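One structure is given below, encoded as C-alpha cells.
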Amino acid sequence: MERFLKRKERVEIDIDNLPADPGLRPSIWSYDVNDRDRVRRAYLLKGAHQPKNHQFPQTMIGNIARRFNSKWFEDFPDWMEYSIQKDAIFCLYCYLFKPQEQVNSSKGGGDTFVGEGFKNWKRKEKLLGHVGDHSSAHNNARQKCESLMKLQEKNIPDLWSSKEDKNKKEYRIMLTAAVDCVRFLIRQGLSFRGHDESSSSNNQGNYIELFQFLADHNEEIKKVTFENASAKLKLIAPKVQKEICSSMAAETLVVIMKDIDDSYFTILVDESRDVSTKEQLAIAVRYVNKLGQVIERFIGVTHVSSTNALALKASVEAVLAKHSLSLHRIRGQGYDGASNIRGEFNGLKALILKDNPQAFYIHCFAHQLQLCLVFIAKNHWQIKHLFEITSRIVNTVGASCKRNDTLDLEVFDSILVATATVERAFSAMKIIKHRLRSKMSDAWLNDCLVPYIEKKVFDSIPNEVIMQHYQKMQSRIQSL
C-alpha cells in the first residue's frame, strides 16, 4: 500500500538553462504541474527560437532538393521555431499550451508542430492551415499564452481595487528604487546579502542597507518602502534581487544580439576553475558591427562538469543556441593551446571545423606571447636572468611601504597584459565570486557577470525595460 500512497518526488528544474532547440525539449506535460507556468513564461520571454542565419541543409523531396526558407520567420515571427537538430519547424504556442490529448492524437494537427516537427518544405500553405481560424487549436494556445503574460493575481481584490492607480504609482516608485539598488551593486561587483538580515541586525547586507539609505534620503521612496509597504510586497527578498539581476542580464544580452544581427562572428573560449573549484567556461564573440567597428562582447559563463572536447562543444552550442546564434555563422575560433581545445583530430577546434570548415582557428595572441617568452627564457640565460631580477625587485618593493614610495613604479604600468575578453571575464569572476560568496549558483554568477563586464551596454538600458521584463517573469501581486 505504501508504494501507491508514496508521493512522487518533485524534480527541481533550472529555469535559466532550459533547452533552446525545440527538437530537444521534453514535453511541457512532463514538468511538474507547479513548474509548468514558470517554464512557459521563460520560453515566452525568450521568444521563438529562430536561427535566421543558419545554413539550412537541403532535403530531396521528389526529384528536387529543397530547404527551409528563413523568410518564413518574417511571415510567422511569434510562433515559428526551427530546430537545427531535427531540421524541422515547431510551434511555440502549441508546445506550451496544446492539450495533451491533442498532442498525442491526430486531432487538431496532432504531433506535427509539437513533437516530430514539420519538414515538407514545398507545402508552405500547410503553415497557414496550422494557424487556422479564430477557434483553431493554435489560436486557442496563442490566447492562453497572451493571457499568461498578462495575468495578475486577484486573490486579494479588496486591497487593491479601490486605489488601483495610487497603488500602481507607489509600486513603480518602490520597484524603480529596487532596480537602482541592484544596478549599483552589479556595476560595483558587490555582494547583495548579509550574514544577518533581520531587522535588529547592525548590517543587513548591501542590498537592504542601500535600499534603506535611498529611503532615508528620499521622502517619496520612504513613504512606500519597508514599514510603509505591504507585508507581501517589500521587494527585499533574495528571490526578488535575483530576478531583477536576471532581467538585467537578459536585456543586456538582447542588446548585444541585436547589434550582432546577421553578422559573421568569431568565438573566444577559455576555461578556468573558480573559488569553489568548479570548472567554468567563458564565451565571448567578436564581430564587425554596422558601423564597421570591431566589437568584442562577453555573452556568458557556464559550468562544465567535464573538460573533454565533446562536453565543451556541447556547452558552446547550448550557449549559442540560447541566443539563436548559428554554428555556421562562425568564421573564427580563438583558444589557448590546451590539447583538449586545439587538438588536430579530437579537440574542440577540430569538432567545430567538422561542422563548419570556415571557422578558422587562431591561437590566442596573449598565450602565444607567454609561450614565446618562456621559450626565449629557456634558451637565453640573459633573458632568464632579467626576468628573475625583475621578479625579485617587484617582490622586494611590494613588501615595504617605504620602498614602494621610494621607487617609481610607473614603468610597470606599461607592461603588456592580456586584454582578451575571456581573460578579463575570469578576472571579473574573482571579484564577483570570492571566498565569502563561494556558494553562489552558476546562473546567479552568470547573471552578475554579464552586466558587470558589459557595463557600457548595461548602462544604455533604461530602468523601464528592466522593470517590464521583471514583471513578465511571473505573476505579480501588483501591476505596473
Side-chain angles (χ1 to χ4, degrees), residues 15-16 153 156 159 167-252 275-276 428-429 431-452 455 458-459 461-480:
I15 207 71
D16 296 302
E153 294 290 344
I156 45 174
L159 179 62
N167 290 331
K168 283 185 178 181
K169 182 180 179 181
E170 292 178 349
Y171 177 62
R172 180 175 287 275
I173 293 171
M174 181 164 51
L175 183 56
T176 301
V179 169
D180 285 336
C181 291
V182 175
R183 189 187 283 273
F184 176 82
L185 294 175
I186 286 181
R187 288 195 87 264
Q188 298 303 113
L190 299 174
S191 58
F192 283 61
R193 303 190 62 189
H195 176 68
D196 181 7
E197 295 184 347
S198 63
S199 57
S200 59
S201 174
N202 292 325
N203 186 352
Q204 294 179 279
N206 289 332
Y207 175 80
I208 297 180
E209 292 289 343
L210 182 58
F211 208 165
Q212 184 67 64
F213 178 84
L214 286 179
D216 292 341
H217 290 77
N218 188 311
E219 194 64 30
E220 189 178 37
I221 297 176
K222 187 174 184 179
K223 289 179 180 179
V224 298
T225 55
F226 294 101
E227 63 273 4
N228 296 321
S230 167
K232 295 184 179 180
L233 194 63
K234 290 181 178 292
L235 297 184
I236 58 175
K239 183 181 179 182
V240 171
Q241 301 170 30
K242 291 182 179 181
E243 287 180 348
I244 294 175
C245 182
S246 178
S247 300
M248 292 177 174
E251 292 300 330
T252 301
V275 69
S276 62
M429 186 170 66
I431 296 173
I432 300 295
K433 188 175 182 178
H434 46 75
R435 181 176 60 84
L436 297 179
R437 302 181 75 188
S438 61
K439 298 299 183 181
M440 68 188 307
S441 67
D442 298 324
W444 181 221
L445 172 63
N446 181 72
D447 289 342
C448 290
L449 276 176
V450 170
Y452 177 78
K455 285 189 175 73
F458 176 47
D459 290 343
I461 302 171
N463 280 357
E464 182 64 26
V465 174
I466 295 170
M467 289 159 61
Q468 292 294 342
H469 187 109
Y470 168 78
Q471 283 295 112
K472 293 176 181 178
M473 291 181 74
Q474 69 176 54
S475 296
R476 306 294 179 188
I477 293 176
Q478 178 62 54
S479 61
L480 279 173

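All values below come from the heavy atoms of this structure, side chains included, with hydrogens, waters and symmetry mates left out. As the structure is a prediction and not an experimental result, all values here were calculated from the model.
Contact detail for Ser276 and Ser438: the closest heavy-atom pair is CB-O, 3.4 Å. Scanning both residues, Ile432 and Cys448, for their nearest heavy atoms gives CG2-CB, 3.8 Å. Across every non-hydrogen atom of Met174 and Ala229, the tightest pair is SD-CB, 4.2 Å. Of all heavy-atom pairs spanning Val179 and Met248, the tightest one is O-CE, 3.3 Å. The shortest non-hydrogen separation linking Met467 to Arg172 is CE-NH1, 3.8 Å. Looking at every heavy atom in both residues, Ile221 comes nearest to Ala215 through CG2-CA, 4.0 Å.
Around the NZ atom of Lys455, the shell of radius 6.0 Å holds more than 12 heavy atoms that belong to other residues, nucleotides or ligands. The 12-atom threshold is exceeded at NZ of Lys234, counting heavy atoms of other residues, nucleotides or ligands nearer than 6.0 Å. By the 6.0 Å contact criterion, CG on Asp216 is enclosed, its count of non-hydrogen atoms from other residues, nucleotides or ligands being greater than 12.
Applying the side chain to side chain donor-acceptor pair (under 3.5 Å) test to Asp180 and every residue at least two apart in sequence or in another chain returns Asn463. Scored by the ring-ring contact (aromatic ring centres under 6.0 Å, His included) test, Phe458 finds no partners at all (sequence neighbours excluded). Here Glu251 pairs with His469 under the side chain to side chain donor-acceptor pair (under 3.5 Å) rule; sequence neighbours left out. Taking Gln468 as the reference, Glu464 meet the side chain to side chain donor-acceptor pair (under 3.5 Å) condition, with sequence neighbours excluded. Applying the side chain to side chain donor-acceptor pair (under 3.5 Å) test to Gln204 and every residue at least two apart in sequence or in another chain returns nothing.
Note: Phe192 and Trp444 have perpendicular aromatic rings, judged against thresholds of 30 and 60 degrees for the angle between ring planes.
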Notebook entry, point to check: Between Arg187 and Asp459, does a side chain to side chain contact (heavy atoms under 4.5 Å, CB included) hold up when you go through it step by step?
Noted result: CA-CA 9 Å; Arg187 288 195 87 264; Asp459 290 343; 2.9 Å; yes
Check: Can you list the steps and then say if Gln478 with Glu170 is a side chain to side chain contact (heavy atoms under 4.5 Å, CB included)?
Finding: CA-CA 10 Å; Gln478 178 62 54; Glu170 292 178 349; over 6 Å; no
Margin query: Would Ile466 and Arg183 count as a side chain to side chain contact (heavy atoms under 4.5 Å, CB included) here? Give the steps.
Written below: CA-CA 10 Å; Ile466 295 170; Arg183 189 187 283 273; 3.3 Å; yes
Item checked: Criterion side chain to side chain contact (heavy atoms under 4.5 Å, CB included) on Lys242 and Asp447, from CA distance to verdict -> CA-CA 8 Å; Lys242 291 182 179 181; Asp447 289 342; over 6 Å; no
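Rounding to the nearest 0.5 angstrom, the gap separating the NE2 atom in His434 from the OG atom in Ser191 is 5.5 Å. Atom CG of residue Leu235 and atom OG1 of residue Thr176 lie 10.0 Å apart, to the nearest 0.5 angstrom. Put simply, CG on Leu233 and CG on Leu175 are 9.0 Å apart, with the number rounded to the nearest 0.5 Å. Considering CD of Glu209 and SG of Cys181, their distance stands at 11.0 Å, rounded to 0.5 Å. The line from CD1 of Ile431 to CZ of Arg437 is 11.5 Å long, rounded to the nearest 0.5 Å. Remark: Glu220 CD to Leu214 CG distance equals 12.0 Å, nearest 0.5 Å.
Residue pairs that meet the ring-ring contact (aromatic ring centres under 6.0 Å, His included) test with at least one member in residues 219-250, sequence neighbours left out, are Phe211-Phe226.
Side chains of Tyr470 and Arg476 form a contact here, defined as non-hydrogen atoms less than 4.5 Å apart.
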